[in-house]
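First the structure, in the form of structure tokens, and then the observations on it.
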Amino acid sequence: MNLSTFIHSIIPNVELEKVLKCCHIKDLNDKKLYKVIMFLNLLEHVPIFEMASVWEKLKKALSPGGLIIIKTPLYENPNELGADELDFSRIRCNKQTGGTLLRECIKNDLIMAASEGDVYAFVRKADISIFSDDQKERFLCHHKKWLTKYSVDVKEVYSEEDYRHLVPGAGRMMVGCVAENNKKYQTQALRLVQSIRWFGGKMAGANIFVCMVDQADPEYVKELEKWGAFVRIVKRFSVSHPPSNKLRLFELPEITSYDTVMLLDCDTIMVQDPYSYIDGEHFQAEMAAGLTVPNTIFHKLFAYYRLPLPKQNYLTAITKQRTIWYCNAGVLIFPTTMIQSFFPIWKKYTLDLSQKRNLLGKYFFFCEQASLTLAFAAHSLPFARLPLIMNFHLTQNISYEMKKCDPVIIHYHKMNDETGFLKHISKNLYTNKRISQFNDQLKTFLTTDPRLESSKN
């Protein structure tokens, strides 16, 4: 496609010095005005959480009646991995679907004036009166055609519900874990990231955030970034209860740029595509494997915090014991709109409970799970229970139900060696198959990574 011809068909006779071509983000100069600003295969390389400021710079540098040209491939969903990214050295962090592109358009008060192939032209909504009647009619007609394609009406003001309608289901996913800066947790977090890239299917290209507590070794950060992960240093949440450090993920300001957030414990791996199990409308989790916090303790906690005790309407995931709402915190999925109101409450109970060890006694290890139950009772959310395969515990003792499961996310706890290979301890044939696939992939990586060879010489 000839870009000059495309631009001329929209705005004729643009002077060359009034055109800004951006192939790198540093090319975006907002100190002068341009009639045409082109983003050529650049948008997908700009982190999602930086796009708000990029759009502001774009609009600031655009002269009245100007044109923004974006050249970018479109995907079925914004979390998939492109065929050219399979070596993980060129992971693109901001993939577009038609819906995400249109959402960015209307959020920034733009009109999608024209499109051809993988090139899209935008004008400011406020500038529409500057154009001729013919141009105006063409631009608005094209914009309406795109809105109709995604079953959205032309409106002056759009709601968050309208925006989510454009990017349905899980939408843009943020996957995160929180790790200590030591060999054990570094290995676990890296294997988790690798498993997502290897076996995540429609989520293999999702944005992954690894939060390191207090500090991170520079070489380890480089390794994570090679896999397209974003590393963030976070403060320790609790000295007395390290598992509560996972709550730091929800304090990242980047969260607001995503539709859905998935928190995974470091001792999990993804062995199949989880995308179809994430609905984007509910808080999703699986019940705890067993009564790691007994009902008698919850009676005590709810009385202490003056909360009404819920009914025992659930069964634990593995032991099938009656329990109140009590979830395992190793796999948690939140729509972003929900976590913003829920997290401060969960944080409050976790901080308080972590400082009152006597309330949990010998069950203190499960502090952040108990506090999650308290927070859910105090501020309930639309909830959908995850199937067991989405948080499948690797254990020798399995139930009849577990024997039939083909896991998607394996929660292996301590069933791994120091290199990250998982142990074949399950009596479930499907699980052993998935473990073998992961171990084989890891072995291939460890024996063929050229950097490992260079380090030996």
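Since this is a predicted model, take the numbers as computed values, not measurements. Residue numbers run from 1 in the order of the sequence given.
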Spacing of [atom1] belonging to [X] relative to [atom2] belonging to [Y], to within rounding of 0.5 Å:
{"X": "T431", "Y": "D406", "atom1": "OG1", "atom2": "CG", "answer": "7.5 Å"}
{"X": "S426", "Y": "K433", "atom1": "OG", "atom2": "NZ", "answer": "14.0 Å"}
{"X": "S244", "Y": "W346", "atom1": "OG", "atom2": "CH2", "answer": "8.0 Å"}
{"X": "N432", "Y": "L422", "atom1": "CG", "atom2": "CG", "answer": "10.5 Å"}
{"X": "I318", "Y": "M402", "atom1": "CD1", "atom2": "CE", "answer": "4.0 Å"}
{"X": "F131", "Y": "R138", "atom1": "CZ", "atom2": "CZ", "answer": "10.0 Å"}

Taking C-beta and beyond as the side chain, do [X] and [Y] meet within less than 4.5 Å on heavy atoms?
{"X": "R385", "Y": "Q284", "value": "no"}
{"X": "V221", "Y": "M212", "value": "no"}
{"X": "I409", "Y": "E286", "value": "no"}

For [Y], is there an ion pair with [X] - N to carboxylate O distance below 4.0 angstrom?
{"X": "K222", "Y": "E225", "value": "no"}
{"X": "K235", "Y": "E251", "value": "no"}
{"X": "R164", "Y": "E161", "value": "no"}
{"X": "K246", "Y": "D265", "value": "yes"}
{"X": "R236", "Y": "D214", "value": "yes"}

So which atom in [X] and which in [Y] form the shortest heavy-atom distance, rounded to 0.1 Å?
{"X": "G66", "Y": "V123", "value": "O-CG1, 3.6 Å"}
{"X": "I233", "Y": "A216", "value": "CD1-CB, 3.6 Å"}
{"X": "L81", "Y": "G205", "value": "CD1-CA, 3.7 Å"}
{"X": "S195", "Y": "I269", "value": "OG-CA, 3.5 Å"}
{"X": "Y185", "Y": "Y220", "value": "O-OH, 4.2 Å"}
{"X": "T373", "Y": "C327", "value": "OG1-N, 4.4 Å"}

Give me the ring orientation class for [X] and [Y]: parallel if the planes are under 30° apart, tilted from 30 to 60°, perpendicular past 60°.
{"X": "H411", "Y": "H393", "result": "parallel"}
{"X": "H142", "Y": "W146", "result": "tilted"}
{"X": "F343", "Y": "F250", "result": "tilted"}

Would you check, one step at a time, whether the test side-chain contact (heavy atoms from CB on, under 4.5 Å) holds for L372 with L332? CA-CA 11 Å; L372 181 63; L332 300 176; 4.0 Å; yes
Hey, are Q188 and R191 close enough side-chain-wise for a donor-acceptor pair under 3.5 Å? no
For N94, run the side chain to side chain donor-acceptor pair (under 3.5 Å) check against R172, H45, E44 and tell me which one passes. R172
Do side-chain atoms of [X] reach the backbone of [Y] as a donor and acceptor pair under 3.5 angstrom?
{"X": "N439", "Y": "F421", "result": "no"}
{"X": "T97", "Y": "E76", "result": "no"}
{"X": "N108", "Y": "L110", "result": "no"}
{"X": "N207", "Y": "C93", "result": "yes"}
{"X": "Q369", "Y": "A329", "result": "yes"}
{"X": "K95", "Y": "R92", "result": "yes"}
{"X": "E50", "Y": "P47", "result": "no"}
{"X": "N181", "Y": "D217", "result": "yes"}
{"X": "R197", "Y": "A204", "result": "yes"}
{"X": "S132", "Y": "Q135", "result": "yes"}

I'd like to know whether [atom1] of [X] has more than 12 heavy-atom contacts from other residues, nucleotides or ligands below 6.0 angstrom.
{"X": "K57", "atom1": "NZ", "result": "no"}
{"X": "K59", "atom1": "NZ", "result": "yes"}
{"X": "K35", "atom1": "NZ", "result": "yes"}
{"X": "E137", "atom1": "CD", "result": "no"}
{"X": "K18", "atom1": "NZ", "result": "no"}
{"X": "Y314", "atom1": "OH", "result": "yes"}

Go through it in stages, so that I can follow the logic: the residues are L166 and I106, the test is side-chain contact (heavy atoms from CB on, under 4.5 Å), and I'd like the CA-CA distance, side-chain angles, deciding distance and then a yes or no. CA-CA 11 Å; L166 287 166; I106 61 178; 3.7 Å; yes
Kindly indicate, with the supporting measurements, whether the criterion side-chain contact (heavy atoms from CB on, under 4.5 Å) is fulfilled by W198 and W227. CA-CA 10 Å; W198 288 331; W227 295 86; 3.8 Å; yes
Sort and list the pairs that fulfil ring-ring contact (aromatic ring centres under 6.0 Å, His included) and have at least one residue in residues 152-178, not counting sequence neighbours. none
Step by step, would you call F438 with Y412 a ring pair (Phe, Tyr, Trp, His ring centres under 6.0 Å)? CA-CA 13 Å; F438 173 79; Y412 57 85; 8.0 Å; no
N245/V234 under side-chain contact (heavy atoms from CB on, under 4.5 Å): CA gap, chis, key distance, verdict: CA-CA 9 Å; N245 289 326; V234 297; over 6 Å; no
